[in-house]
Number of protein chains: 2
Amino acid sequence: MLKLSTKGQYGVRAMFEVARNYGKGTTTIKEISERQDVSVSYLEQLLNRLRRAGLVDSVKGPGGGYVLTREPAQVTIGDILRVLEGPVAITSCMDPSADGCERVDSCVARLLWKSLGERIEKFLDQITLQELLEEEKNILSGTLRIGRL
Amino acid sequence: MLKLSTKGQYGVRAMFEVARNYGKGTTTIKEISERQDVSVSYLEQLLNRLRRAGLVDSVKGPGGGYVLTREPAQVTIGDILRVLEGPVAITSCMDPSADGCERVDSCVARLLWKSLGERIEKFLDQITLQELLEEEKNILSGTLRIGRL
DNA sequence: AGAATACTTGACAATAATTGTTGGTCTTTC
DNA sequence: GAAAGACCAACAATTATTGTCAAGTATTCT
């Protein structure tokens with residue numbers, strides 16, 4: 001239950017690859033495709049949306065690719081997922097773009113889903129690409145984790 | 001993103017109706033159907049699975065219906081959802097029934113999804129039907145909430 | 001200029017999950 | 001035995017997911 005579609009998963013992993021090169025240059029779709037094993041065409045779709053949302057910039061021509069528009073510490077997982085998957089909406093009655101059910105006021109379940117959604121969102125907005133980068137360093141060096149993950 | 005299918009939503013609402021009558025008698029599918037506006041046939045499917053999982057007992061014949069097998073305070077939302085929707089598995093690599101990806105050890109994203117899943121599960125296992133019942137009382141009486149929702 | 005590299009866009013197709021419905025059976029109470 | 005009610009399996013419609021494909025646009029290097 002509560003699955004995340006591959007769109008969001010790939011998106012986060014793609015952004016992670018771009019973040020990796022932050023300050024060092026661009027990251028091409030081809031590189032991401034190879035490192036993360038996702039098709040070039042599909043990544044194009046995803047990065048395009050992330051660009052239009054202002055999370056990355058693209059540079060054309062040889063030596064081109066994608067770059068973050070802000071530091072990894074300023075990009076949360078929530079930012080990425082909201083662009084690709086829309087807002088957290090456990091139930092359709094929590095979806096701002098859908099029309100609510102008429103039972104709204106007396107619905108106990110609604111409170112439950114609302115509360116869960118808020119907790120999820122809080123978590124996703126707390127974790128940044130910077131933290132993923134540090135986490136990876138720790139994994140590779142075998143260091144004990146202290147972070148929020 | 002992170003939607004819960006109607007199966008789980010209806011299931012929780014159905015169990016809530018059964019919990020409402022706890023200690024007072026059985027609850028028929030027809031009653032649930034009318035109060036929660038879900039088709040009889042669909043509810044049959046859901047309650048059947050909840051029965052086979054041991055969360056409710058069924059009584060056939062006139063005056064029959066469903067009853068909780070334990071007190072509302074002993075049934076968590078997580079219990080219900082796991083029966084109807086399977087375990088929390090944000091990504092397929094977190095699904096115990098699927099085979100993991102080969103990248104397991106070095107995958108940073110994996111830690112992220114694992115951590116999120118654990119938090120969600122903790123929350124769902126913390127909220128019981130009893131709490132929903134109390135919550136409803138509060139809503140109806142206009143009382144200020146103090147609970148975990 | 002020409003070639004290489006890479007991004008852009010829209011259409012569309014295969015697959016899988018969701019969301020139920022239909023139609024019938026079995027059991028118990030009155 | 002008739003009505004109330006649970007039980008069960010099959011399957012069909014719809015929607016979401018998960019991509020691919022093809023044709024084009026832009027930029028830079030040599």
Side-chain angles (χ1 to χ4, degrees), chain A residues 1-14 17-18 21 25-34 36-53 55-67 69 81 84-86 89-92 95 97-98, chain B residues 1-11 13-14 17-18 21 25-34 36-53 55-69 81 84-86 89-92 95 97-98:
Chain A
M1 63 169 132
L2 292 172
K3 289 204 239 305
L4 195 65
S5 81
T6 61
K7 211 181 285 185
Q9 297 176 43
Y10 293 169
V12 169
R13 279 155 57 189
E17 291 298 331
V18 178
N21 288 337
T26 65
T27 311
T28 67
I29 283 191
K30 200 177 166 204
E31 279 167 8
I32 300 173
S33 170
E34 281 163 5
Q36 294 288 343
D37 205 30
V38 177
S39 84
V40 168
S41 339
Y42 201 33
L43 282 173
E44 279 174 351
Q45 256 184 65
L46 306 183
L47 283 167
N48 210 322
R49 291 176 65 172
L50 291 166
R51 180 184 57 81
R52 276 179 293 193
L55 293 184
V56 291
D57 268 343
S58 65
V59 181
K60 292 179 185 178
Y66 289 90
V67 286
T69 53
L81 293 183
L84 297 174
E85 306 240 8
I90 309 291
T91 61
S92 61
D95 188 340
S97 72
Chain B
M1 64 167 130
L2 291 172
K3 288 203 243 297
L4 195 65
S5 79
T6 61
K7 212 182 284 184
Q9 298 175 43
Y10 294 169
R13 278 155 57 190
E17 291 298 332
V18 178
N21 287 338
T26 65
T27 311
T28 67
I29 283 191
K30 200 177 166 205
E31 279 167 8
I32 300 174
S33 169
E34 282 163 3
Q36 294 290 342
D37 205 30
V38 176
S39 85
V40 168
S41 341
Y42 200 34
L43 283 172
E44 277 175 354
Q45 261 183 62
L46 306 184
L47 283 166
N48 214 322
R49 291 176 64 172
L50 291 166
R51 178 184 57 82
R52 276 180 291 194
L55 293 185
V56 291
D57 267 344
S58 65
V59 181
K60 291 180 184 175
Y66 290 91
V67 286
L68 290 189
T69 53
L81 293 183
L84 297 173
E85 306 239 10
I90 310 290
T91 61
S92 61
D95 189 340
S97 71

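Sequence lines set the chain letters: A, B, ... in the order given, protein chains first and strands last, and positions in each chain run from 1.
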Just the rounded figure in Å: distance from [atom2] of [N] to [atom1] of [X].
{"X": "B/Tyr10", "N": "C/dT19", "atom1": "OH", "atom2": "P", "value": "7 Å"}
{"X": "A/Asn48", "N": "D/dT25", "atom1": "CG", "atom2": "P", "value": "16 Å"}
{"X": "B/Lys60", "N": "C/dT29", "atom1": "NZ", "atom2": "P", "value": "12 Å"}
{"X": "B/Arg49", "N": "C/dT18", "atom1": "CZ", "atom2": "P", "value": "10 Å"}
{"X": "A/Leu46", "N": "C/dG10", "atom1": "CG", "atom2": "P", "value": "16 Å"}
{"X": "A/Leu4", "N": "D/dA16", "atom1": "CG", "atom2": "C1'", "value": "14 Å"}
{"X": "B/Tyr42", "N": "D/dC11", "atom1": "OH", "atom2": "C1'", "value": "15 Å"}
{"X": "A/Arg13", "N": "D/dT18", "atom1": "CZ", "atom2": "P", "value": "12 Å"}

Review point. What nucleotide among D/dA6, D/dT18, C/dT29 has an atom nearest to a side-chain atom of B/Tyr66?
Key: D/dA6
Do the side chains of [Y] and [X] get nearer than 4.5 Å, heavy atoms only?
{"X": "A/Ile90", "Y": "B/Lys3", "result": "no"}
{"X": "B/Ile29", "Y": "B/Tyr66", "result": "yes"}
{"X": "B/Leu68", "Y": "B/Leu55", "result": "no"}

Ignoring backbone atoms, test whether [X] places a side-chain nitrogen or oxygen under 4.0 Å from the OP1 or OP2 oxygen of [N].
{"X": "A/Arg51", "N": "C/dT8", "result": "yes"}
{"X": "B/Thr28", "N": "D/dA4", "result": "no"}
{"X": "B/Thr6", "N": "C/dT18", "result": "no"}

**Study point:** Side chain B/Arg13, main chain B/Gln36, donor-acceptor under 3.5 Å
**Key:** yes
Revision key, fill the gap. By nearest-nucleotide position on DNA chain D, the 5'-leaning member of A/Lys7 and A/Gly61 is A/Lys7
Which is true for [X] with a 4.0 Å heavy-atom rule: it touches a base, it touches only sugar-phosphate, or it touches nothing?
{"X": "A/Gly63", "result": "nothing"}
{"X": "A/Leu47", "result": "nothing"}
{"X": "B/Ser41", "result": "base"}

Point to revise | Earlier contact from the 5' end, DNA chain C, for B/Pro62 and B/Ser5 | key: B/Ser5
Practice item. Return yes if the base of C/dC7 and the side-chain atoms of A/Glu44 contain a donor-acceptor N/O pair under 3.5 Å, otherwise no. Key: no
Review point. Under 3.5 Å, is there an N or O donor on one side and an acceptor on the other linking the side chain of B/Gln45 and the base of C/dT19?
Key: no
Review point. Should B/Glu17 and B/Glu31 be marked as a side-chain contact (heavy atoms from CB on, under 4.5 Å) after you check the CA-CA gap, both sets of side-chain angles, and the distance that decides it?
Key: CA-CA 9 Å; B/Glu17 291 298 332; B/Glu31 279 167 8; over 6 Å; no
